[in-house]
Amino acid sequence: MDKSYSSANEEQIYSLWEKSGAFTPKIDKNKKPFSIILPLPNANNPMHMGHALFTVQDILIRYHRMLGDPTLWLPGGDHAGIETQFVYEKELQKQGHSRFDFDRQTLYQQIWDFVEKNRTLNQFQMKKLGYSLDWSRYHYSLEPQILDNVRATFKKLHADGLIYRDEKIVNYCTHCGTAFSNLEVEHKTVASHLWYIKYGPLTVATTRPETMLGDTAVAVNPADKRYQHLIGTTVTLPLVNREIPVIGDKSISLEFGTGAVKVTPAHSPEDYDMAKTHQLDFIRIFDYDGKSNQNVPQKYQGFYPKQLRDQVVADLDTAGFLEKTEDYTHEVGHCYRCGRPIEPITAPQWYLKIDKLAQPAIQAAKEGKVKFFPLRFKKAYLDWMENIRDWNISRQIVWGPQIPAWYCLDCNPQIKLNFLDKNKNLISGVYADLKDKYSFDDIKSGLQSLLAPIDAKYLVDLPTGETCPHCHGHHLLQETDTFDTWFLSGQWPLSTLGFNVVDPKNSSEDFHYFYPTSVMDTMWDILFFWVARMIMFGLYLTKEVPFKLVHLHSRVVDAKGQKMSKSKGNVIDPLVMSEKYGADALRMSLVYGIAPASDFVVSEDKIRAQRNFVNKIWNASRFVLMLIDKFKETDPSLKLAPFSQRGIPLQREGDFSPSDLSILTSLNNIIDSTNRDLGRYHFGQASENLYQFFWHDFCDVYIEDAKNRGPEVVPVLLTVLINSLKLLHPFIPFVTESIYQILRENIQLDEDQLITSSWPQPIKFG
RNA sequence: GGUUGUUUAGCUCAGUUGGUUAGAGCGCAUCAUUCACAUUGAUGAGGUCGCAGGUUCAAGUCCUGCAACAACCACCA
């Protein structure tokens, strides 16, 4: 053996495991399986520390595999809708292009190729960290069979009356060109102003003066004595000179501002609700490109919100409508992707009625069918679930599966189309105006997006021959909105295990055996995005939860407790670290001393310390072998096997020296405590105890003592060493397996490899 | 505005159901070393366990209040 451990042969060890089929479980109906679905990484992303935290799952997986459970860890890759499109658009920008330069088919193909380049890289990197994933069951989110399932789920939801289109206020990012769900909006504190504007006899206070051009009412609290008498009258909207009603609404606070609020139903969620109850008009003043449109006086058209604000405030001031301006700090929603302010705007979108899905998901958590670790996330989950609102499942992006709905252009001539003509010029307009100038085939092949009026008729099945059942025309176009990426990944445990949405009884053997899975481990930041949706879909489609336990872990921070980010320059690359110190050292450093569900603190110092530990194990093993060689010289018939192994008789307590007894007792204790700690997800404690046991109890005390003893130490020495390697294997698989393979060449061992060896049992003295 | 978490050695953090002199890694100090490992060993310095009360024979650990920090949720102008 070399003088120090080298991680150079890790690849060799991994392929040893892979070739032996150790990652693929044998389905045995008499045994209870253990299974984890890997939170599917973005197929386009190179590995980062977040992925290195999957180590926790590998520890559980390796532990259960050694316990003898049929154990499945199923890997996958996610096309990651908006995330990936955003990254690709930045690439386009570097080349001097934008998404508007391509028809959607071409753009889709380009992104597809872009992702394919990186997809295998991502798999290779997870192998580097030693993840014992069953690659024979790898799935990619855009596989045909997965897409079939997703479309089938949509059809089922539609048939159950849970899908509808509506034109509500959505969180719209004009830069990304798409709507987002509430979860994708980041609230940031912004120092701004409160503008007081005179509307005839009233003065309103607002943070968004520019939207006044779209006001359709002024609201006051009906109990407000100052304004009661004005309810039912009208006031003149400044700059626009439109008469708008004064309405009474209980939601208005008497204390805030002036107690009178301008109402802009098309650009404010609160105002939208008020407009619905009071049947007010909706005047949308911004288009989906972010600029003010023809619904405002000519001089205000074509402005972005910020510019429009400056103009409107200036004009209000000169005309004497601006009473005063106060400093005001408040929360403003920003796009989680590009960081720009979200524009609340009315837009037609596809929605999923969530109540029927949420109720069983709430029940399941309350009844403990799905458990949470740590427990506090159960409350977070229930709070969110109980206040859940209908889910906007449509996104106006290209990268992802299109919503399976088709419009007949002849039946819906008011559909707005954006497409590239033969000369690559962008053409926009409603079909009624365009149909005589362009052929349907030109429109279809150059199509970027369509926008169907909210009352447009659609089909959820593409009829044979693409013939409209109503007008028998052939001008059908599929909805260009794509699914929210979580609509797909929310069904991930079902899709990857081969659940058949159309015919559940016909699902695969994997599904029947491994579903519900045992544990879902993920970072808490996608508890609502992903975990909650998986529970809802799982219960909706199969009546069973997709996993019995949700294990939430925290994020990786640097030694100062700061979140890693490129801009801070404190990012530690797991691949660089595993290259430098070995994957084992990195893995161990990620769990060592970390309390359950608290932040993972990573620093190079810590990784180096664990590299030293890995080397210590290597050298202790080397020393044991050297000692054995020495004894063999004097006694060639020496039995070279751990005494705990089959075929070697158990010994009486009296046969052991005090130091033997002491180390064997410690070994028994560490076996018990490791079982206990792994059973309750205390990986940090388990690794710390093992570290202490091996380095101090075994190396510093027992081995030091063994130096002064004869061949009789061999059975105990080997027993403790082999069992230590087993206990440590889930944490540091490479070094333990390397040593085991070397030991096997020299001594008599029952089992071929550590990865599939049996988990240690406490030693019973005869 | 609502919720949750954190506060223990110079730094980063452990500390299971309350039980003797409170632990680890890194860092620091002194010493050792042709010895499996300098990616080593031994010894040591360093903590009124955020603050104030309370329960208990006993509290870092349970309860109450306070403070600081962090995160999450949230349609209030």
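First the proteins, then the strands, lettered A, B, ... as listed; each starts at 1.
Taking atom CG on A:N689 and atom P on B:U16, their separation rounds to 12 Å, with Å as the unit.
Within 4.0 Å of A:G684, counting heavy atoms only, lies no atom of the nucleic acid at all. Contact annotation for A:Y691: backbone-only contact, meaning every heavy-atom pair under 4.0 Å involves sugar-phosphate atoms and none involves a base. At a threshold of 4.0 angstrom between heavy atoms, the contacts of A:T206 are confined to the sugar-phosphate backbone, with no base atom among them. If you check every strand for non-hydrogen atoms under 4.0 Å, A:S598 touches sugar and phosphate atoms only. Residue-level contact check: A:Y328 touches the backbone only, with heavy atoms under 4.0 Å from sugar-phosphate atoms and none from bases. Nucleic acid contact for A:E704: base, since at least one base atom lies under 4.0 Å from a heavy atom of the residue. Within the nucleic acid shown, A:R608 has no heavy atom closer than 4.0 Å to any nucleic acid atom.
If you check distances only, the side chain of A:Q692 never reaches the base of B:A24 with a donor-acceptor pair under 3.5 Å.
For the pair A:D271 and A:R208, the salt-bridge criterion is not met [side-chain N within less than 4.0 Å of a carboxylate O].
Rounded to a whole angstrom, the distance from the P atom of B:G65 to that of B:U48 is 27 Å.
Taking the six-membered ring for Trp and thresholds of 30 and 60 degrees, A:Y702 and A:F698 have nearly parallel ring planes, at less than 30 degrees apart. By the 30° and 60° cut-offs, the orientation of the rings of A:F373 relative to A:H551 is parallel.
A sub-4.0 Å separation between OP1 or OP2 of B:U39 and a side-chain N or O of A:K3 is absent. Contact annotation: A:N612 reaches the phosphate of B:U40 (side-chain N/O to OP1 or OP2, under 4.0 Å).
Comparing A:F623 and A:W695 by the nucleotide of RNA chain B whose heavy atom lies nearest to each, the residue mapping closer to the 5' end is A:F623.
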